[in-house]
Amino acid sequence: MIAEPLVFAATSDLAGRLRGKSFPLADVESRLKKGVGWTPTNVMITCFDAIAQGPFGALGDLVLLPDPEAAVTLDFEDGGPVERFMLGDIRELDGTPWGCCTRSILKGALDRLERVAGIRPYVAFEHEFQIKGVTEAPAAYAMAGFSARRGMGEAVMAALRQAGLGIDTFMKEYGAAQYEVTVDPTLGLRAADEAAILREVTRATARRCGEAATFSPIQDSAGVGNGVHIHISFRDADGRPVTWDANGPAGMSAVTGAFIAGVLKYLDSILALTAPSDISYLRLTPHRWSAAYNNLGFRDREASVRICPVTAQEPEGIARQYNFEFRAADAAASPHLALAAILHAGTQGIEEGLAAPKVTEEDLSALPPAELAARGYIRLPETLPQALARFEANATVTGWFPEGFAAVYAAHKRGELAVVEGKDEATRCAAYAEVY
């Protein structure tokens, strides 16, 4: 059959899905300059493909400009079509960034952090996913569970390497048909691009293997959830690691301590951006190894932010390995928007000169509310409407984003909530499993 090779120019939208347009591969050089046409109202398309009420209507024109640094060509060598796509930025017709482009928002957050603190984040997104439509024993971390889908795992890792990612591990996770895939850390924008690429490549590879993968936050509240854990460390302008200080609390340098303090201070107000689905809050509960409070833990997988272990013994090695992990996120979020929110919160902490937070090594859910409050801990929002309300009410947080963005984002999410309103938990989980 004859075929004209096509490239899909994509944006990671407010729902964390890739949307865009394709063009002939033969036209790639011209499209890198002029892009493809885009419509403002597209930002109101929810994860369920319903259009939420928004300010744009039928008016306006934009350009989606593909970035050759975020291009993927994937040949599975199985006789099927070659996957080609490129992430890009949404711009006004005069070339300026559009205020609701998640990739441009992240660029702004990265610029702010470097301007304020002179540092750049080194980031890795760690993903959990499940295979849909199967009933099987969990085989938690078991070789039997790994071997059952070794072929798919090897295909996923090969595809990620072909897509230009530095592959790290593939493991059978705790839940039924649940797996985790990790990649090497890289600098900020590229890390978010790689997270978006990883999700698409994993789903495409699973399809080629006769499986259906979902990154949905949770498929069944009686089971486990699928999180996205965002590992962060810092480098200075010369590329030197500056996250660790042997004399700092729990090894945190001054800039790391202030950054994490900012993240925790504003966490309840950014949660709508990092855990942005109706069912995200079924996962963010105590004793799920997720996140329920605004605390920093030391090697504690119940904490919202966790200081991770290192294996190095000498100071240079420790400095390279030392990192912290943001755990209150999932794949319903655009990786660009989630990382932007975290970076803005951390930069705010640096600007405010916040002291490093105390490290917890206890079950905060066992403490009475008065003690939690006295120690500065709060229960994070327990529903998406609660999270949206805190986001909208915090003028500092909404002020980090371009004018009008907060209202558009909240309207988008309320349009999403309207689709699942009144449905039982199983139906809501199934709906999200289909789209993520």
Side-chain angles (χ1 to χ4, degrees), residues 16 102 105-106 109-110 113 119-128 180 182-183 185-189 191-192 194-196 198 215 217 225-234 243-244 250-252 255-277 280-281 283-284 288-309 322-350 354 356-357 359-360 364 377-378 380-381 387 391 397 400:
T102 61
I105 287 171
L106 174 56
L110 290 162
L113 176 61
I119 57 176
R120 296 188 293 172
Y122 207 54
V123 181
F125 286 73
E126 179 182 291
H127 287 83
E128 297 165 340
E180 178 186 272
T182 65
V183 295
T186 189
L187 286 173
L189 178 63
E194 288 190 358
L198 182 147
F215 290 85
N226 297 304
V228 173
H229 305 145
I230 305 173
H231 292 258
I232 302 174
S233 61
F234 301 120
T243 322
W244 176 73
M252 290 180 283
V255 73
T256 299
F259 184 97
I260 294 175
V263 171
L264 298 180
K265 177 178 178 178
Y266 294 101
L267 179 54
D268 67 320
S269 298
I270 66 171
L271 200 62
L273 304 171
T274 65
S277 77
S280 296
Y281 298 83
R283 189 181 76 87
L284 297 179
R288 276 193 179 275
W289 285 26
S290 57
Y293 300 91
N294 62 329
N295 67 309
L296 170 66
F298 186 71
R299 304 176 188 173
D300 177 5
R301 289 174 174 81
E302 283 278 307
S304 291
V305 179
R306 177 177 81 109
I307 295 174
C308 299
Y322 188 89
N323 72 95
F324 58 92
E325 174 188 41
F326 181 92
R327 298 179 59 79
D330 60 50
S334 163
H336 301 83
L337 193 53
L339 184 56
I342 296 165
L343 295 181
H344 274 305
T347 305
Q348 189 73 31
I350 295 170
L354 298 182
V359 175
T360 61
L364 295 185
Y377 300 124
I378 60 171
L380 297 178
F391 169 65
V397 171
W400 298 334

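Position 1 is the first residue of the sequence, and the numbers go up from there.
- Looking at heavy atoms from C-beta onward, Thr182 lies out of side-chain contact with His229 at the 4.5 angstrom threshold.
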- Message: Show, in sequence, the C-alpha distance, side-chain angles and deciding distance for Val305 and Glu325, and conclude whether the side chain to side chain contact (heavy atoms under 4.5 Å, CB included) test is met.
- Response: CA-CA 5 Å; Val305 179; Glu325 174 188 41; over 6 Å; no
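- Side chain of Glu128 to main chain of Gly227: a donor-acceptor pair is present (N/O by atom type, distance under 3.5 Å, no hydrogens or angles).
- Between Ser304 and Ala292, the closest heavy-atom pair is OG-N, 4.3 Å.
- The structure places OG of Ser290 at 11.5 Å from OH of Tyr281, a figure rounded to the nearest 0.5 Å.
- Ring geometry for Tyr266 against Trp400 counts as perpendicular: the plane angle is over 60°, on a 0 to 90° scale with 30° as the lower cut.
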- Determine, stepwise, if the pair Leu296 / Met252 fulfils side chain to side chain contact (heavy atoms under 4.5 Å, CB included). CA-CA 12 Å; Leu296 170 66; Met252 290 180 283; 3.8 Å; yes
- Task: Would you sort out whether Thr360 and Asn295 count as a side-chain hydrogen bond (donor to acceptor under 3.5 Å, both in side chains), showing the intermediate values?
- Result: CA-CA 7 Å; Thr360 61; Asn295 67 309; 2.9 Å; yes
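- With values rounded to the nearest 0.5 angstrom, Asn323 atom CG is found 10.0 Å from Ile307 atom CD1.
- Thr243 contributes no side-chain N or O that, together with a main-chain N or O of Ser233, makes up a donor-acceptor pair within less than 3.5 Å.
- A side-chain donor from one of Asp330 and Ser280 sits under 3.5 Å from a side-chain acceptor of the other.
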- Message: Quick one, Ile105 with His336, criterion side chain to side chain contact (heavy atoms under 4.5 Å, CB included). Give me CA distance, side-chain angles, the key distance, then yes/no.
- Response: CA-CA 8 Å; Ile105 287 171; His336 301 83; over 6 Å; no
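- At a threshold of 4.5 Å between non-hydrogen side-chain atoms, the residues Tyr293 and Leu267 do not count as touching.
- For the atom pair CD1 (Ile342) and CG (Leu113), the distance works out to 12.5 Å, reported to the nearest 0.5 Å.
- Minimum interatomic distance between Ala333 and Leu273 (heavy atoms only, all atoms of both residues): CB-O, 3.4 Å.
- Annotation for Ala303 and Gly297: closest pair CB-N, 3.4 Å, computed over non-hydrogen atoms.
- Two residues are said to be in side-chain contact when any heavy atoms from C-beta on lie closer than 4.5 Å; Leu110 and Arg120 fail this criterion.
- Shortest non-hydrogen contact noted between Ala195 and Pro335 is CB-CB, 3.6 Å.
- Counting heavy atoms from C-beta on, the side chains of Phe326 and Val228 never come closer than 4.5 Å.
- Under the 4.5 Å side-chain criterion, counting only non-hydrogen atoms from C-beta, Trp244 is not in contact with Thr256.
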- Message: Between Leu106 and Leu343, does the side chain to side chain contact (heavy atoms under 4.5 Å, CB included) criterion hold? Intermediate values first, please.
- Response: CA-CA 9 Å; Leu106 174 56; Leu343 295 181; 3.9 Å; yes
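- Within the 4.5 Å cutoff, the side chain of Leu198 has heavy atoms near those of the His127 side chain.
- Shown here are the side-chain hydrogen bond (donor to acceptor under 3.5 Å, both in side chains) partners of Ser269, two or more places apart in sequence or in another chain: Asn394.
- Between Arg327 atom CZ and Leu284 atom CG the span is 10.5 Å, to the nearest 0.5 Å.
- Residues Leu339 and Ala192 approach most closely at CD2-CB, 4.5 Å, considering heavy atoms.
- Of the candidates Asn294, Leu380, Val397, Leu380 is the only one forming a side-chain contact (heavy atoms from CB on, under 4.5 Å) with Asp268.
- Looking only at distances, no side-chain donor or acceptor of Arg283 sits under 3.5 Å from a matching main-chain atom of Ala291.
- The two residues Val123 and Ala191 come nearest to each other via the heavy atoms O-CB, 3.4 Å.
- Side-chain contact between Phe215 and Asn226 is absent, with no heavy-atom pair separated by less than 4.5 Å.
- No side-chain heavy atom of Leu354 sits under 4.5 Å from any side-chain heavy atom of Ile260.
- Side-chain atoms of Glu126 and His231 form a donor-acceptor pair, as typed in the model, at a separation below 3.5 Å.
- Legend: residues meeting ring pair (Phe, Tyr, Trp, His ring centres under 6.0 Å) with Phe324, ordered by chain and number and at least two apart, are Phe234, Phe259.
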